[in-house]
Amino acid sequence: MGRTLNTSHSEIFDYWKDKAITKDGDVVLDADKDEEKISVVRDWTMPRCFACCDCMFADKNIDFNSEKFTDKQNIFSMWNYPEIKKNLNRCHIKPHSAGGNDEPRNLFLLCENCHIESPDTGNPKNFFKWVYKRRKRGLTINGFVIPEFIEEFMQDCKEKGKDPFTLKPKEADIYSHGSYHSQSTLVMALADTCDDL
């Protein structure tokens, strides 16, 4: 039997609503606009995946522009709508297997495709770098991203005189929240294993 996650979607939204991510994987306050950072929550009144920003609710019978969403309490309630909860997974940034917890600062709201492709990593910066690059690239075929970060990793290896095909991640650095390891999980584990990458 799986664990029960008690943290609500609105609690996760509340924590991330004023945060941004830099290209280096740092989390900062989103007070000033800067092209080099992305707001985690693009629009408080339009629930979207925090990574790809896809809004899968546009064709649903939820009137997000209704006057009832102008007050703060109702905006929080909206993030707990059954349709929102069904389509936005609560995803661990640092998985339990790497020592992560169920607090809002360790949870992200992702669509199913982004949740599957997100890296399971013990280094939260790697997760945030993945989100930053994911957002910058947007969607591709069937909601999956072309894994450009893999090409970037291979280029980094080449520039540093390392053979990416012979490198192996340390077993201890491969974390999981299920039986499936996404490409990004394996690549981020390689990046953490290798010096200067």
Side-chain angles (χ1 to χ4, degrees), residues 5-58 60 62 64-65 69-81 83-96 98-140 143-145 147-149 175 177 182 184-185 188:
L5 184 57
N6 293 321
T7 308
S8 72
H9 283 62
S10 63
E11 289 173 307
I12 298 167
F13 156 73
D14 188 35
Y15 180 81
W16 290 104
K17 70 184 186 302
D18 60 353
K19 310 282 190 311
I21 299 171
T22 70
K23 66 180 178 178
D24 296 323
D26 293 317
V27 174
V28 296
L29 288 177
D30 195 23
D32 58 303
K33 296 301 172 193
D34 180 349
E35 284 185 31
E36 292 299 312
K37 67 181 181 183
I38 56 166
S39 301
V40 174
V41 180
R42 190 166 145 191
D43 182 346
W44 288 18
T45 61
M46 182 63 74
R48 300 170 187 263
C49 172
F50 288 178
C52 69
C53 257
D54 185 28
C55 183
M56 61 283 293
F57 312 108
K60 308 293 183 200
I62 303 172
F64 292 115
N65 296 316
F69 294 129
T70 55
D71 95 44
K72 187 176 179 182
Q73 190 57 46
N74 286 327
I75 289 173
F76 287 111
S77 298
M78 175 184 59
W79 284 82
N80 288 327
Y81 267 33
E83 196 68 38
I84 306 304
K85 290 165 55 172
K86 177 181 164 191
N87 287 282
L88 288 178
N89 297 177
R90 291 170 294 179
C91 169
H92 287 89
I93 295 163
K94 187 175 182 180
H96 278 273
N101 58 37
D102 294 340
E103 294 177 17
R105 69 176 177 215
N106 190 47
L107 294 167
F108 236 50
L109 297 176
L110 300 178
C111 66
E112 187 172 346
N113 288 337
C114 286
H115 195 173
I116 290 168
E117 286 304 309
S118 65
D120 294 317
T121 173
N123 182 351
K125 275 192 163 200
N126 284 341
F127 179 90
F128 295 125
K129 286 179 188 177
W130 176 84
V131 169
Y132 184 91
K133 289 180 180 184
R134 178 72 177 92
R135 181 86 63 86
K136 291 294 185 178
R137 276 197 295 275
L139 291 172
T140 58
F144 288 94
V145 200
E148 291 175 20
F149 62 89
Y175 302 104
H177 65 269
S182 68
S184 58
T185 294
M188 293 304 187

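Computed over heavy atoms, backbone and side chain alike; hydrogens, waters and symmetry mates excluded. One is the number of the first residue; the rest follow in order along the sequence.
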Identify which one of Ile12, Val131, Ile21 satisfies the side-chain contact (heavy atoms from CB on, under 4.5 Å) criterion when paired with Phe50.
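So, applying the side-chain contact (heavy atoms from CB on, under 4.5 Å) to Phe50 and each of Ile12, Val131, Ile21, only Ile12 qualifies.
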Approximate separation, where rounding is to 0.5 Å, of [X] [atom1] and [Y] [atom2]:
{"X": "Tyr132", "Y": "Asp24", "atom1": "OH", "atom2": "CG", "answer": "8.5 Å"}
{"X": "Asp30", "Y": "Asp18", "atom1": "CG", "atom2": "CG", "answer": "7.5 Å"}
{"X": "Glu36", "Y": "Thr22", "atom1": "CD", "atom2": "OG1", "answer": "9.0 Å"}
{"X": "Lys129", "Y": "Asn123", "atom1": "NZ", "atom2": "CG", "answer": "7.0 Å"}

May I ask you to decide if [Y]'s main-chain N or O and [X]'s side chain share a donor-acceptor pair within less than 3.5 Å?
{"X": "Lys86", "Y": "Tyr81", "value": "no"}
{"X": "Glu117", "Y": "Cys114", "value": "no"}
{"X": "Asn106", "Y": "Lys94", "value": "yes"}
{"X": "Lys17", "Y": "Asp14", "value": "yes"}
{"X": "Asn101", "Y": "Glu103", "value": "yes"}
{"X": "Arg135", "Y": "Ser39", "value": "yes"}
{"X": "Arg90", "Y": "Thr7", "value": "yes"}

> Residues in side chain to side chain donor-acceptor pair (under 3.5 Å) with Asp26, at least two apart?
Replying inline: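 Checked Asp26 against side chain to side chain donor-acceptor pair (under 3.5 Å); matches are Lys125.
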Heavy-atom pair with the smallest gap, counting every atom of [X] and [Y]:
{"X": "Asn80", "Y": "Lys85", "result": "O-CD, 3.0 Å"}
{"X": "Trp44", "Y": "Met78", "result": "O-CE, 3.5 Å"}
{"X": "Ser118", "Y": "Phe127", "result": "CB-CE1, 3.9 Å"}
{"X": "Pro119", "Y": "Asn126", "result": "CG-O, 4.3 Å"}
{"X": "Arg48", "Y": "Cys53", "result": "NH1-O, 3.2 Å"}

Close side-chain approach of [X] and [Y], heavy atoms under 4.5 Å:
{"X": "Trp79", "Y": "Leu109", "answer": "yes"}
{"X": "Ser10", "Y": "Ser77", "answer": "no"}
{"X": "Ile93", "Y": "Phe128", "answer": "yes"}
{"X": "Cys91", "Y": "Leu107", "answer": "no"}
{"X": "Trp16", "Y": "Val27", "answer": "yes"}

**Prompt:** Do the side-chain N and O atoms of Glu83 and Asn87 include a donor-acceptor pair separated by under 3.5 angstrom?
**Reply:**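 A pair is found: one side chain offers a donor N or O, the other an acceptor, under 3.5 Å apart.
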Item to complete: Would you check if there is a donor-acceptor pair between the side chains of Asp120 and His92 at a distance under 3.5 Å?
Response: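 There is no such pair (donor and acceptor under 3.5 Å, judged by atom type) between the side chains of His92 and Asp120.
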